[in-house]
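See structure below.
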Amino acid sequence: MPVSRPESLGARVIAHVDMDCFYVQVEQRKQPHLSGQPTAVVQYNSWKGGGLIAVSYEARKYGVKRSMRGDEAKQVCPQIQLVKVPVSRGKADLCIYRNAGSEVVSILSRKGRCERASIDEVYLDLTDASEAMLAETPPESVEIIDEEALKSHILGLNEDGSNLKENVREWLRRSEADHRDKLLACGALIVAELRMQVLKETEFTCSAGIAHNKMLAKLASGMNKPAQQTVVPFVSVKGLLEPLPIKKMKQLGGKLGSSLQIDLGVNTVGELLQFSEEKLQERYGINTGTWLWNVARGICGEEVEGRLLPKSHGSGKTFPGPRALKTIASVEHWLNELCEELSERLHSDLDQNKRIARTLTLHARAFKFSDTDSHKKFPSKSCPLRYGATKIQEDALNLFQAGLREYLGSHRIKTQGSQHNGWGITGLSVSASKIVAIPSDTCEAMQSADDKDPNCSFSNQAQDVQEISALSSPGFQSTSSYSELHEADVRKENLFGTSTLGQNGPRRDTWDYKIDEIDPSVVNELPPEIQEELRYLVRPQKRANIPKRGSSIAHYFLPTKNS
DNA sequence: ACGGGTAACACC
DNA sequence: TGGTGTTAC
């Protein structure tokens, strides 16, 4: 049977939950006398008071900012409490924050699909829970609405009136509302409840955004902090994005955003609307171009992944300027420390989550003061990962040496008559990736295996790393501007970037097929407003090998057979 | 060349 | 692939 409008079929309810100055909260829970005080978490206290990595909201009032020095913070806020990040093996150890993050994830994952986006952020897909609530106990039928939910900010709702809570209550409960709004209202109630549970069970506060997709939810979660939540009704999207500085959008805070400003003269998301998809693709490539076109319209088909654990583990340290490592022995020492930490975390992951990592990668930053190419990057190297701290240390050192040979090229090694090598290492890190679940019955055998056990089945994954040769990779020019960097890419993509559609498609106001069967080229022919609504609302369809960003609108649909 | 230490991801 | 660059917190 034909439907006259798509209704809200396909509308999702997505939340982004963001912990407030998370590291500070973790420290305040540990030392309650710090609660309510201007506080910051700082690492490496020795030099200029260390670098701030988290700042409490009390301290922000004084103008204290992340990435200030401890000393600077003291200047603008003399009474600030500076708490040091724990140090072990001579480096910052973030494990207490990771563990605290896990506590939060385990609570936030109760009501729907949950994606750990970082140590202190998650996305939730609350569509099913919201639909269920709407069917069983819709807000309009509920007498008492959570105090927390009543404190929601509803974008587009008159926030200047005197009776804020009553307005919100009315918005949450109104029965004449658009179906999409009702879903978001349910989402807001669920998120308020979740946030209260987080507070009760962990003592941590968080902020959240509730919207129809990840992009908007993320944007909203940052709009009212700390300890508040913000809802983005469908009709408010345009008004929200139009005046929004382009740099505020996730992914546009860096070079791409600058390129939009400088090369296209676009300063707000609204100004981006003037550029056709083709034009954006021409300049930024087919994927990024389409993604930008969608960003301008608040369209984002990205799914919430359903992943509670990190995809990789890493341990690293910088050795700035004068502290650069100049001998293999010192590099070996620090690699051993880093690998020990990594190994410990891998064993915890195995223990707690029954997962193993398959790839070990070494990254380094280096300088050399010989002659020309002193800007060359130290190449990353990877190899199969063998479990056991000493094995990882051994492999990491081999990877480093392979990288160093390549970095130095077939040049001479020493500056003559000098005590140094001609090179220095300013950063080292090791990481473990390609993490996969293992069958539970193979776990126990593994857990008892250790370094010394040559028969440990997990210890022999690697081929002989000595054989890693310095084949690979063409040097890379250093980057200054975004367009420069991607010039080659863009040209190539243009060869394939033929964009869609002829002129005379069907144009109609009713459809007699289901939304997820619509052919993308048909959508392109519909009236513009309807197009946007459709694209916005339709649930993304799963397909393999699609870049996260989505290379074309077609990816949000399943193509139909005959078209 | 102190914005640290980690992460995820796009692209070749 | 593995390796490099970008972005974010």
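Below, read A as the first sequence line, B as the second, and so on, with proteins coming before strands; counting in each chain starts at 1.
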When we call it a touch if two heavy atoms are under 4.0 Å apart, what does A:Ser380 touch: a base, just sugar-phosphate, or nothing? sugar-phosphate
Does OP1 or OP2 of B:dG5 have a side-chain N or O of A:Arg98 closer than 4.0 Å? no
A:Arg66 vs B:dG4: side-chain N/O to OP1/OP2 distance below 4.0 Å: no
Classify A:Arg323 by what it touches in the nucleic acid, base, sugar-phosphate, or nothing, heavy-atom distance under 4.0 Å. base
Determine: side-chain N/O of A:Lys65 to OP1/OP2 of B:dG3, distance under 4.0 Å, yes or no. no
Heavy atoms only, 4.0 Å cut-off, all strands: where does A:Ile119 land among base, sugar-phosphate and nothing? nothing
I want to check one thing: is the phosphate of C:dG3, taken as OP1 and OP2, less than 4.0 Å away from some side-chain N or O of A:Ser382? yes
For A:Tyr57, is the NZ or CZ atom of A:Arg60 found under 6.0 angstrom from the centre of its six-membered ring and inside 45 degrees of the ring axis? yes
What is the nucleic acid contact for A:Lys91, judged by heavy atoms within less than 4.0 Å: base, sugar-phosphate only, or nothing? sugar-phosphate
Would one find a side-chain N or O of A:Arg345 under 4.0 angstrom from OP1 or OP2 of B:dA7? yes
Just call it for A:Thr359: base, sugar-phosphate, or nothing, with non-hydrogen atoms closer than 4.0 Å on any strand. nothing
Does A:Ser312 have a side-chain nitrogen or oxygen under 4.0 Å from the phosphate oxygens OP1 or OP2 of B:dA8? yes
Comparing A:Thr426 with A:Gly314, nearest DNA chain B nucleotide closer to 5' gives the residue A:Thr426
For A:Trp334, does the six-membered ring have the charged nitrogen or CZ of A:Lys317 within the cation-pi criterion, i.e. under 6.0 angstrom from the centroid and within 45° of the normal? yes
Would A:Lys368 and A:Tyr407 count as a cation-pi pair here, with the cationic atom under 6.0 angstrom from the ring centre and within 45° of the axis? yes
For DNA chain B, which residues of residues 14-30 of chain A approach it to below 4.0 angstrom with any heavy atom? none
Contacts of A:Asp71 that satisfy side-chain contact (heavy atoms from CB on, under 4.5 Å) - sequence neighbours left out: A:Lys48
Name the atoms and distances for all side-chain donor-acceptor pairs under 3.5 Å in residues 85-101 of chain A, with sequence neighbours left out.
| unit_1 | atom_1 | unit_2 | atom_2 | d |
| --- | --- | --- | --- | --- |
| A:Ser88 | OG | A:Asp93 | OD2 | 2.9 |
| A:Arg89 | NE | A:Glu340 | OE1 | 2.8 |
| A:Arg89 | NH2 | A:Glu344 | OE1 | 2.5 |
| A:Lys91 | NZ | A:Glu341 | OE1 | 2.7 |
| A:Asp93 | OD1 | A:Cys95 | N | 3.0 |
| A:Tyr97 | OH | A:Glu27 | OE2 | 2.6 |
| A:Asn99 | ND2 | A:Cys95 | O | 3.3 |

